[in-house]
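Here the structure comes first, spelled out in structure tokens, and everything after it is commentary.
If you're wondering where the values come from, they're calculated on a predicted model, not measured in any experiment. We use all heavy atoms of the structure for the numbers below, so side chains are in, but hydrogens, waters and symmetry mates are not.
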Amino acid sequence: QVQLVESGGGLVQSGGSLRLSCATSGRTFSSYGVGWFRQAPGKEREFVAAQGWNSGATVYADSVKGRFTISRDIPKRTVYLQMNSLKSEDTAVYYCAVNPRYTAGNYGRTIAYDYWGQGTQVTVSS
């Protein structure tokens, strides 16, 4: 079992910044990735960013490229999402998740992630 708890969400003005944290616990896997997804009201859950836990390699959705940065603290088993230059369209519930069989082909697919946090709300005012 893997447990994930997101924190750091809140209300911020457009152009501002937030840093989300995701504390993980439980079992680990030989090769896995961590990801951030978001879901706005009435919209499907969409991929934001992902990182291979061992390799450190990152990948981003085009919508956040250059503005968001995913990182990890290995001893703390914590993953972060630094969000800069926030826009109103970034408003959503943000989820972290673990993909136990991380590949270049499945990093952005929700079905590849077996474990999810409860989400943290990010609201960007304009």
| In terms of heavy-atom contacts, does CD1 of Ile74 have more than 12 from other residues, nucleotides or ligands at under 6.0 Å? | yes
| query | Do Thr91 and Arg38 have side chains that get closer than 4.5 Å, going by heavy atoms? | reply | no
| field | Counterpart residues, salt bridge (charged side-chain N to carboxylate O under 4.0 Å, His left out), relative to Lys65 (two or more places apart) | value | Asp62
| task | State, yes or no, whether a side-chain contact exists between Arg45 and Val93 at a heavy-atom distance under 4.5 Å. | result | no
| query | Do Val5 and Gln118 pass the side chain to side chain contact (heavy atoms under 4.5 Å, CB included) test, and can you show the C-alpha distance, the side-chain angles, and the key distance before you say yes or no? | reply | CA-CA 7 Å; Val5 180; Gln118 83 291 343; 4.0 Å; yes
| Min side-chain heavy-atom separation Thr28-Arg77 under 4.5 Å | yes
| message | Applying the ring-ring contact (aromatic ring centres under 6.0 Å, His included) criterion to Tyr32, which one of Tyr115, Tyr102, Trp53 satisfies it? | response | Trp53
| task | Using only heavy-atom distances, determine whether the side chains of Ser17 and Asn84 contain a donor-acceptor pair under 3.5 Å. | result | yes
| request: Please test Leu86 against Leu18 for side chain to side chain contact (heavy atoms under 4.5 Å, CB included), starting from the C-alpha separation and ending with a verdict. | output: CA-CA 8 Å; Leu86 283 162; Leu18 283 174; 4.3 Å; yes
| message | Can a donor-acceptor pair be found, under 3.5 Å and without considering hydrogens, that links the side chain of Ser63 to the backbone of Ala61? | response | no
| Value rounded to 0.5 Å, distance of NZ in Lys76 from OG1 in Thr24 | 12.5 Å
| request: Could you tell me whether the side chains of Tyr95 and Trp116 share a donor-acceptor contact shorter than 3.5 Å? | output: no
| Minimum side-chain heavy-atom gap Cys22-Leu4 below 4.5 Å | yes
| query | So if you build clusters from Ile, Leu, Val, Met, Phe, Trp, Tyr with side-chain heavy-atom gaps below 4.5 Å, do Tyr113 and Val48 land together? | reply | no
| query | Is Ile70 reachable from Val59 through a run of I, L, V, M, F, W or Y residues, each pair having side-chain heavy atoms under 4.5 Å apart? | reply | no
| message | Assess the residue pair Glu89 and Val124 against the criterion (side chain to side chain contact (heavy atoms under 4.5 Å, CB included)); give the C-alpha distance rounded to whole Å, side-chain angles, the decisive distance to 0.1 Å, and a yes or no. | response | CA-CA 8 Å; Glu89 51 262 44; Val124 184; over 6 Å; no
| field | Pair Asn106, Asn99: side-chain N/O donor-acceptor within cut-off below 3.5 Å | value | yes
| ring pair (Phe, Tyr, Trp, His ring centres under 6.0 Å) involving Phe68 - partner list, sequence neighbours excluded | none
| query | Hey, which of Ser88, Ser126, Ser125 is the one that makes side-chain contact (heavy atoms from CB on, under 4.5 Å) with Gln13? | reply | Ser125
| message | Which residues pass the ring pair (Phe, Tyr, Trp, His ring centres under 6.0 Å) test with Phe47, not counting sequence neighbours? | response | Phe37, Tyr107
| query | Does the side chain of Leu20 come within less than 4.5 Å of Glu6's, by heavy atoms? | reply | no
| message | If you apply the rule side chain to side chain contact (heavy atoms under 4.5 Å, CB included), what do you find for Arg67 with Ser85, and how did you get there? | response | CA-CA 6 Å; Arg67 299 189 297 121; Ser85 301; 4.0 Å; yes
| query | With a 3.5 Å cut-off and no angle check, do the side chains of Ser25 and Gln3 form a donor-acceptor pair? | reply | yes
| said: Just by distance, no angles: are the side chains of Arg19 and Tyr80 close enough, under 3.5 Å, to form a donor-acceptor pair? | reply: no
| Does any non-hydrogen side-chain atom of Leu81 lie less than 4.5 Å from one of Thr69? | no
| Can you find a heavy atom in the side chain of Asp90 that is under 4.5 Å from one in the side chain of Val122? | no
| query | Mind checking whether Gln39 and Glu46 have side chains closer than 4.5 Å, heavy atoms only? | reply | no
| query | Looking at CD of Gln51 and CH2 of Trp36, how far apart are the two atoms once the value is rounded to the nearest 0.5 Å? | reply | 12.0 Å
